[in-house]
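Below you'll find the structure, written out as C-alpha cells, and then a few comments.
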2 protein chains.
Amino acid sequence: MDSAASLESATPSSRDKILDVAEERFARRGYAGVGVRELAEAAGLSKSSLFHHFRSKDVLYLAVLDRIFDRIERHIGPALSGAGSSLERVERAIDGLIDAMAEHPTTPRLVLRSLFEDDDLPEDEPANEMISKRLDALIEGFSELLTRGIESGEFRPVEPRHAIQTLIGATVFHFASGEFGEALIGTPLFAADAVAERKREVKSLIHSGLNRSGSAQETPR
Amino acid sequence: MDSAASLESATPSSRDKILDVAEERFARRGYAGVGVRELAEAAGLSKSSLFHHFRSKDVLYLAVLDRIFDRIERHIGPALSGAGSSLERVERAIDGLIDAMAEHPTTPRLVLRSLFEDDDLPEDEPANEMISKRLDALIEGFSELLTRGIESGEFRPVEPRHAIQTLIGATVFHFASGEFGEALIGTPLFAADAVAERKREVKSLIHSGLNRSGSAQETPR
DNA sequence: TTGTGGCCCGACCGAACGGTCGGTTAAGAT
DNA sequence: ATCTTAACCGACCGTTCGGTCGGGCCACAA
C-alpha cells in the first residue's frame, strides 16, 4: 500500500516541495492557520495533487513534524552518548540542541507548538504516537544525563525534570521567539555569531546562574 | 472564574462571560483554531449577540489579551519597584511572574502565543499597539533590574537580554506546557505546592546554575 | 404614550475550508 | 501495442468561516 519511506534520494520534486512549504507555513501560523489551498499553490501545484501525496492535512502536518524530529535526533543523539564528565556531556547536549534549533528557523517554532498546543490532531494516528515516542526518548536521554550528574555529586541536587523544562525554555523558546526575540536581543537570532552567543549564555547560566562567585570561565567552543 | 467583576453587582454580564470563554478556548487552540460560533454557544448566546459586544473576532482576541496583561502587571508591578538588593528584587520579580502565570492556566499560554506567533492580527489596531507597549514596559523593567545588578557587581556580567529570554522560557513556557509539562514533571502544574516548587527551582537555577556550591568549581579547558 | 437604546436573535451572505471524483498525461514494463 | 502507474488537474461537494441585516424584547426616560 503506502511505501512512504521506500523511495529515497532520487526524489527532487513535488513531495519535498510540499513539505518545505508546509513546514514554513505551519511554523509561522500553526496548523489551523494554514489552508491546503495555500500550501498547494505555494508548492506550485493543485490542491488535488497535494492530496495525491498526502492523504489528509493531518498526515501532511505529521510528516512535517517527522522531518523535524529527524533533524533534532541527528544533532542531539551523538551528544547524549559519548564520554566525558556530566557537565561536559550536558554542555555538548546543549550545543547540539541549539544547533538543531538554529539549523532551520522553522524547527523551534514547530517544536514549541507540538509541546504546548493541545493538538487538534487525531490521537490514534500512528504517526502521532510515533512522534510522542521519539520526544519521550529525547527527554529520557537528557533526564538520565542530569540524574547521573547529580548522583555522582557533580551537580547540585536540582530536580532534573524542572531543569529540563528550563532548558527547553532557554533553547526552544529562544529561537522560536521570532520578532519579539529579535527586538529584545537586538540582532537576528539565527546569525552564526548570535547562535554562538546564545550557546555561551545558556551554558554559563546553567553552569553558575547569575552568581558572580561562579568565576568567569569562558569555555570556548 | 470571574475575578474583579464578581465583587460588584449580581450581573454575570454577557460580555465577561464571552471574555472568559474566549480566553480559555484561545489559550488552548489559538486564534485561528477557534470559531466565533463556538465561543457564542459556549457563552450561552447567539453569534450575532457576540458581535454586538465585540465588533470583530480580532478585537475580542485583543480584549482577552488586554485582561491578561492587566493581571500580569498587577502581579509584577509591585515586585519590580521596591527596595532590597538586586538579587532580592529579581527573586521577587520571579515570584510575581510565576504567580501571574499560575493564577489562571490560560495566562501562560496566551502570553506564549503572543510572544512567538507572528500574529495574524492587524498591526494598525490601536489595541494591538497598546499591548505591545505594555509588554515592552515589562521587559524594560526587568532589563533595568538586571543591568543594575550587573553594574553594582552583584551579578556576573551576563547579557541581560539573554537572561530575560531564559527567564521567560523558564516561567512562561513551563506553565504553558500543558500535557507535556505534566507528563514530564509528574504532577499537576498548577497545584499550590507545584507552583511553589517551580519558584524554588527557577530561583535556585538563576542563583547558582547547576554547580554544586555557589562558588569555585573551575572548569578547565 | 411614545420613543430610545441596550441586548438579543434567526436568517442570510460570500468566501474559504478539507476533501472527493473522473479524467488526462507521460514514462516504463510486458 | 498494450497495460500499469505515478503525477497532475479542474470541477465540484458539503460544511464552516467571519460578518451583516432587520427586527423583536424590555427597562426606563420624556
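So that the names make sense, note that chain A is the first sequence line, chain B the second, and so on, each numbered from 1.
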Does one side chain, of A:Thr106 or A:Glu23, offer a donor that lies under 3.5 Å from an acceptor on the other?
yes

Whether A:Ser56 contacts C:dG18 is assessed here as follows: a side-chain N or O lying under 4.0 Å from the phosphate OP1 or OP2. Is that the case?
no

Measure from CG on A:Asp16 to C1' on D:dA6 and round the result to the nearest Å.
15 Å

Could I get the full list of salt bridge (charged side-chain N to carboxylate O under 4.0 Å, His left out) partners for B:Glu73, not counting sequence neighbours?
B:Arg134

Listed partners of A:Arg198 passing salt bridge (charged side-chain N to carboxylate O under 4.0 Å, His left out), at least two apart
none

Can you identify which nucleotide, out of C:dC7, C:dG18, D:dC9, has its nearest atom closest to the A:Lys57 side chain?
C:dG18

note: A:Ile18, atom CD1; D:dC8, atom C1'; distance rounded to Å ~ 11 Å

In whole angstroms, how far is the P atom of D:dC17 from the OH atom of B:Tyr31?
13 Å

Examine C:dC8: is either OP1 or OP2 under 4.0 Å from a nitrogen or oxygen in the side chain of B:His53? Give yes or no.
yes

Using the salt bridge (charged side-chain N to carboxylate O under 4.0 Å, His left out) criterion, which residues pair with B:Glu201? Sequence neighbours excluded.
none

Side chain of A:His52 only, please: which of D:dC9, C:dA11, D:dA6 is the nearest?
D:dA6

DNA chain D contacts among residues 58-68 of chain A, heavy-atom distance under 4.0 Å
none

Starting the side chain at C-beta, find the nucleotide from C:dG10, D:dC9, C:dC8 nearest to B:Ser48.
C:dG10

If you look only at pairs with a residue in residues 33-45 of chain A, which of them pass as a side-chain hydrogen bond (donor to acceptor under 3.5 Å, both in side chains), with sequence neighbours excluded?
A:Arg25-A:Glu38, A:Arg29-A:Glu38

Give the rounded distance in Å between these two atoms: CG of A:Leu50 and P of D:dA6.
17 Å

Toward the 5' end of DNA chain D, by each residue's nearest nucleotide, B:Phe51 or A:Ser46:
A:Ser46

Of B:Ser49 and A:Ala32, the one whose closest DNA chain C nucleotide lies more 5'
B:Ser49

Contacting residues from residues 36-44 of chain A, given that a heavy atom lies under 4.0 angstrom of DNA chain C:
A:Val36, A:Arg37

Using a 3.5 Å distance criterion without hydrogens, assess whether the side chain of A:Arg148 forms a donor-acceptor pair with backbone atoms of A:Ser86.
no

Integer-rounded Å distance: C:dC17 P and A:Arg25 CZ
12 Å

Contact list for residues 159-181 of chain B, test salt bridge (charged side-chain N to carboxylate O under 4.0 Å, His left out), sequence neighbours left out:
none

With sequence neighbours excluded, give me every ring pair (Phe, Tyr, Trp, His ring centres under 6.0 Å) pair touching residues 160-187 of chain A.
A:His162-B:His174, A:His174-B:His162, A:Phe175-A:Phe190

Mind checking what makes salt bridge (charged side-chain N to carboxylate O under 4.0 Å, His left out) contact with B:Glu182, not counting sequence neighbours?
none

